[in-house]
Each structure stands twice: as C-alpha cells, then as structure tokens.
Colleague: 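Take a look at this one; I'll ask things after.
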Amino acid sequence: MFRREAVDYQRMRLRGRTLLLPGIPFWAVASLCFFFIAAFLTFIIAGTYSRRINVSGEISTYPRAATLYSGVQGTVVKRYVHEGQSVEAGSPVYQIDVSKSTRNGVISENERRDIDNQLNRISQIVSRLESNKKATLDMLEKQKEQYISAFLHSTNILRRAQEGLRIMKENMDNYRQYQKLGLVNKEQLISQVALYYQQQNSLLGLSVQNDNNSLQITSLDSQIHTQAADFDNQIYQMELQRFELQKERTRNDADDTIIVRALAAGRIDSLSVTVGQMVNPGDSLLQITPEKIEYYALVLWVPDNAIPYINPGDRVNIRYEAFPVEKFGQFAGTVSVISRTPASLQEMHSYRSAPSSALNTVSPYYKVIVRPEMQEVRYVGKRLRLENGIQAQSTMFLEKRKIYQWMIAPFYDMKVSTSGPVNE
C-alpha cells in the first residue's frame with residue numbers, strides 16, 4: 001500500500017463527482033460576432049473625427065500695453081512719474097545722465113560753456129552791426145532829404161527861370177518886329193538878343209544843377225540799398241554761425257542728459273528702474289497701459305500646417321493657466337483675425353507666449369487673434385478679470401474626415417511615394 005503508484009493514485013484521485021457544463025451555442029457566438037462587426041463597420045463608415053491642434057498664446061489688451069525701453073547707456077538722475085499716474089503723449093518720464101567726466105571736469109559742461117561764450121559774442125556782434133546799420137542808413141537818409149530839398153528848390157528856381165526866359169524870348173521877338181517897323185534901332189535889338197542868350201546860359205546852369213541834385217538822390221537811394229544789403233549779409237552770416245552753434249549745443253545737451261518721454265497716453269503700470277540706477281540700451285524702463293481698454297483678446301501662434309483650415313468665426317476651446325481646467329473648465333472663444341503673412345521674429349519676441357521652436361527654426365508661425373466670449377471669470381461671488389500676459393492653451397479644430405479615411409491615411413502616403421508625375 002506504500003508503493004509509489006499507490007501514493008500517486010491517492011493524491012490524484014477525485015474527491016467529488018465530475019460535472020460536464022454544456023458549451024455556448026453556436027448561434028449566440030455568431031450573433032455576437034455579427035453585431036460587433038456591424039457596429040465596427042457602422043462606426044468607421046458613418047463616424048467622423050475632427051483633427052485638432054493645441055497652440056499656446058497669451059491675453060493682450062486692445063490697445064496693447066506699451067513698454068518703454070532705454071536707447072542709451074547712462075544713469076537715471078530724475079524720475080517725473082510714479083505708478084498709477086496718468087500721462088499724456090510726450091510727457092517726460094525719466095532723465096538719464098550720459099555725460100563723461102575728466103580731470104578738467106564734465107566734458108559736456110565745458111563744451112556748453114564755450115558755446116555759450118561764442119553765442120554771447122555773436123549776439124554782441126549782431127547788436128553792433130544792427131546799430132551801425134541804423135546809424136549809416138539814418139545818415140544817408142538825412143543826406144537824401146537835403147538833396148531832395150535842394151532838388152525841389154532848384155526845380156522851383158528853374159521853373160521861374162524858364163518862365164522869365166519865355167518872356168524874354170517874346171520881348172526879343174517883339175523887338176524884331178519893332179526894328180522892322182523902325183521903332184527901335186539895331187543896337188537895341190542886339191542888346192535884347194544878347195540878354196536873351198545870357199539868360200538862356202544861366203537857365204542851362206540851373207538845369208545842370210537840378211540834374212545833379214536828381215542824380216545825387218538816385219545815387220543815395222542806391223547807396224542806401226547797398227549799405228542795407230551789406231549789413232544784412234553780415235548779420236545773416238552771424239545768424240548762420242549762431243544757428244550752427246545752437247545745433248552744436250543741442251548735440252552737446254544730447255551728450256549730457258537725455259529726457260525719456262512717453263510716446264503714448266495712458267496710465268503708468270510699473271516702473272522698472274529707480275533714480276541712481278545704471279541702464280543699458282534695450283533695458284526696460286516702464287510700462288504704460290491704455291486708459292480705455294476696448295476688449296481683451298487671446299493672441300495665438302499657429303504653425304503653417306494648420307492655418308489653411310482656420311477661418312474667422314471658428315470656435316475654439318481656451319484653457320487659462322491662471323484658471324485651472326480642473327476647477328474652472330474650458331472657456332469658449334471665436335477666431336476674429338488671421339494674419340496672412342508669417343509673424344516676424346521681432347514681433348514674436350515681444351510676446352512671452354511665442355513658441356521657442358519658432359525662434360530657432362525656419363518653420364513659419366502665423367498670428368491668430370481669438371475673442372473670448374467671457375471677458376471676466378466669476379468665482380465665489382468675485383469677478384476675476386483677464387489681464388495682460390495671462391498664458392493660455394487653446395484647442396483649434398481643423399478638417400473633419402470619416403473614421404475610415406483617417407485609418408487608411410498611411411496608404412495615401414504609400415500611393416504618393418509610388419506615383420509618377422501628376423500631369424501624366
């Protein structure tokens with residue numbers, strides 16, 4: 001009874017009754033398989049799926065907030081504004097000292113002092129020239145007035161002499177008639193003729209004197225204009241030197257201090273530097289937010305392989321990093337603007353949400369602006385506003401196809417790789 005075979009038999013012997021269960025009927029297995037195949041075929045033939053893409057972006061106001069950068073290297077010596085202050089376009093915000101110093105002092109101050117001395121000297125020269133011009137022209141005007149008076153007097157005398165000469169000519173003619181009638185002798189006629197010609201010579205001298213007075217008046221007029229033009233030319237030359245010195249002084253002021261002005265009206269949002277701090281070209285100085293914000297928009301960067309399938313008015317899903325999707329869910333938005341040219345690197349650098357791959361590759365990205373339906377989020381009785389720079393992820397829905405078309409898409413790639421020229 002302790003044989004090996006007996007022990008194995010006792011171990012393997014059934015301790016109960018054996019029951020054989022009936023198998024699943026064939027019709028049930030066939031029906032189940034048919035239903036599964038029919039449901040699968042219906043799903044892949046009638047069902048559709050929209051390709052989607054997740055892109056990053058950030059919230060921006062319109063008009064957008066303006067950032068002011070330093071264009072020079074220097075030290076901030078004065079601040080004209082503070083946070084929350086409203087400024088107009090052109091208002092000064094910072095004063096930056098860019099001057100250089102040596103053992104002889106500040107270079108710009110020394111140059112400015114020399115320029116001021118030259119400007120004062122030119123002003124004195126111009127003042128003297130104007131004084132000399134006035135004195136010279138006044139003297140010439142007095143001489144002209146004297147000659148005009150002499151001309152009028154000589155003209156009056158000449159007119160009376162001409163009248164007397166006319167009378168003497170009539171007398172001479174009368175004496176000739178009298179001589180023919182025998183009333184006067186020849187000596188009396190000759191005496192009358194000699195007196196007439198003597199008076200005519202005197203009239204000629206008066207006429208020459210009158211013409212000389214007229215020529216002197218004309219000469220004085222020409223001299224007055226010439227002297228005035230000479231003095232004006234000298235003053236003009238001095239003014240040109242003054243303008244050049246003023247330009248040099250302006251350039252000197254630019255080498256001394258720079259006034260940074262706000263180029264847009266708005267409210268000072270944040271100041272990046274303080275008085276006494278050194279700045280370099282390209283350093284941020286402050287940010288100005290517009291007084292009146294029209295709306296908030298989401299700026300997205302979409303690759304070129306998705307841009308043909310996006311149209312204005314398309315709906316998108318938005319997930320804000322400030323409002324976790326686990327608690328707030330997704331938000332709706334509508335595409336409002338789609339750029340038709342790739343975004344430049346300079347523009348993308350001004351947005352923190354720009355994908356880093358776009359800055360290092362040649363793959364183009366397009367700027368798409370989405371208008372969120374909700375401009376604020378309600379939470380626990382509060383209104384949480386969207387702000388500049390809030391990062392967000394957006395799901396955009398592209399082309400829609402049947403399920404079977406997506407399944408056989410690899411075969412299209414094989415067909416393209418094995419096909420010949422399209423025009424054949």
Side-chain angles (χ1 to χ4, degrees), residues 57-98 247 249-251 253-301 312 320 322 333-339 341 343-354 367-377 382-392:
E58 66 181 78
I59 292 294
S60 178
T61 59
Y62 282 84
R64 191 182 174 195
T67 303
L68 214 59
Y69 297 94
S70 172
V72 296
Q73 180 180 10
T75 304
V76 178
V77 296
K78 191 173 183 180
R79 187 185 70 183
Y80 297 95
V81 295
H82 56 80
E83 288 87 353
Q85 177 181 344
S86 296
V87 295
E88 299 294 334
S91 301
V93 292
Y94 278 116
Q95 180 178 345
I96 301 177
D97 184 7
V98 295
K247 290 180 181 179
R249 182 175 180 180
T250 302
R251 291 191 292 268
D253 291 338
D255 294 336
D256 184 15
T257 56
I258 297 295
I259 301 297
V260 181
R261 301 182 181 275
L263 301 181
R267 186 179 298 275
I268 302 298
D269 185 55
S270 63
L271 299 174
S272 305
V273 295
T274 59
V275 175
Q277 181 177 345
M278 285 198 65
V279 294
N280 294 313
D283 288 351
S284 174
L285 299 178
L286 54 86
Q287 287 184 332
I288 301 176
T289 57
E291 289 281 359
K292 184 179 180 181
I293 298 176
E294 297 181 5
Y295 59 90
Y296 291 90
L298 177 62
V299 180
L300 300 175
W301 308 101
Y320 301 108
T334 305
V335 175
S336 61
V337 178
I338 303 173
S339 65
T341 56
S344 62
L345 294 179
Q346 291 78 7
E347 181 183 12
M348 298 184 69
H349 273 297
S350 63
Y351 290 89
R352 296 182 180 178
S353 62
K367 182 180 179 181
V368 176
I369 299 177
V370 174
R371 291 283 296 272
E373 289 188 357
M374 298 177 59
Q375 297 287 306
E376 57 185 13
V377 179
K382 297 180 180 180
R383 293 183 176 181
L384 306 178
R385 297 173 54 190
L386 301 177
E387 297 293 346
N388 270 300
I390 291 182
Q391 303 296 302

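We number each residue from 1, following the sequence as shown. For the numbers below, each heavy atom of this structure counts, side chains included, while hydrogens, waters and symmetry mates do not.
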Colleague: Determine whether Thr289 and Thr61 make a side-chain contact, defined as any pair of heavy atoms from C-beta on separated by less than 4.5 Å.
Modeller: no

Colleague: Can you confirm whether Leu286 sits close enough to Tyr94 that some side-chain heavy atom of one is under 4.5 Å from a side-chain heavy atom of the other?
Modeller: yes

Colleague: Do other residues, nucleotides or ligands put more than 12 heavy atoms under 6.0 Å from the CD atom of Gln277?
Modeller: yes

Colleague: Shortest non-hydrogen contact from Leu271 to His82?
Modeller: CD1-CA, 4.0 Å

Colleague: Do Leu285 and Val93 touch side chain to side chain, with heavy atoms closer than 4.5 Å?
Modeller: no

Colleague: Return yes if some donor-acceptor pair links the side-chain N/O of Ser70 with the main-chain N/O of Asp283 below 3.5 Å, else return no.
Modeller: no

Colleague: Between Gln391 and Gly389 (side chain of the first, backbone of the second, donor and acceptor by atom type, cut-off under 3.5 Å), is there such a pair?
Modeller: yes

Colleague: Which atom pair, heavy atoms only, marks the closest approach of Ser60 to Val299?
Modeller: CB-CG2, 4.1 Å

Colleague: Less than 4.5 Å apart, side chain to side chain, heavy atoms only: is that true for Ile268 and Ile288?
Modeller: yes

Colleague: With Leu300, which of Val370, Ile338, Val335 fulfils side chain to side chain contact (heavy atoms under 4.5 Å, CB included)?
Modeller: Val370

Colleague: Can you find a pair of side-chain heavy atoms, one from Val337 and one from Pro312, that are under 4.5 Å apart?
Modeller: no

Colleague: Which heavy atom of Met374 sits nearest a heavy atom of Leu386, and at what distance?
Modeller: O-CD1, 3.8 Å

Colleague: Could you tell me if the side chain of Arg79 sits less than 4.5 Å from the side chain of Thr274, heavy atoms only?
Modeller: no

Colleague: Please find the pair of heavy atoms, one from Pro92 and one from Val81, that lie closest to each other, and give the distance.
Modeller: O-CG1, 3.9 Å

Colleague: For Gly84, is there any backbone N or O sitting under 3.5 Å from a side-chain donor or acceptor partner on Arg267?
Modeller: yes

Colleague: With no hydrogens and no angle check, is any side-chain donor or acceptor of Ser336 less than 3.5 Å from a backbone partner on Ile369?
Modeller: yes

Colleague: So among Asp97, Val260, Ile96, Asn280, which one has a side chain to side chain contact (heavy atoms under 4.5 Å, CB included) with Val72?
Modeller: Ile96

Colleague: Pick one: which of Gln85, Arg261, Gln95 meets side chain to side chain contact (heavy atoms under 4.5 Å, CB included) with Tyr80?
Modeller: Gln95

Colleague: Which word best sums up how the rings of Trp301 and Tyr351 line up, parallel for under 30°, tilted for 30 to 60°, or perpendicular for over 60°?
Modeller: perpendicular

Colleague: Ser272 and Ser284: which non-hydrogen atoms are nearest, and at how many Å?
Modeller: CB-O, 3.2 Å

Colleague: How close do Tyr296 and Gln375 get, heavy atom to heavy atom, and via which atoms?
Modeller: N-OE1, 2.8 Å

Colleague: Using a 4.5 Å cut-off on heavy atoms from C-beta on, say whether the side chain of Arg383 contacts that of Arg385.
Modeller: no

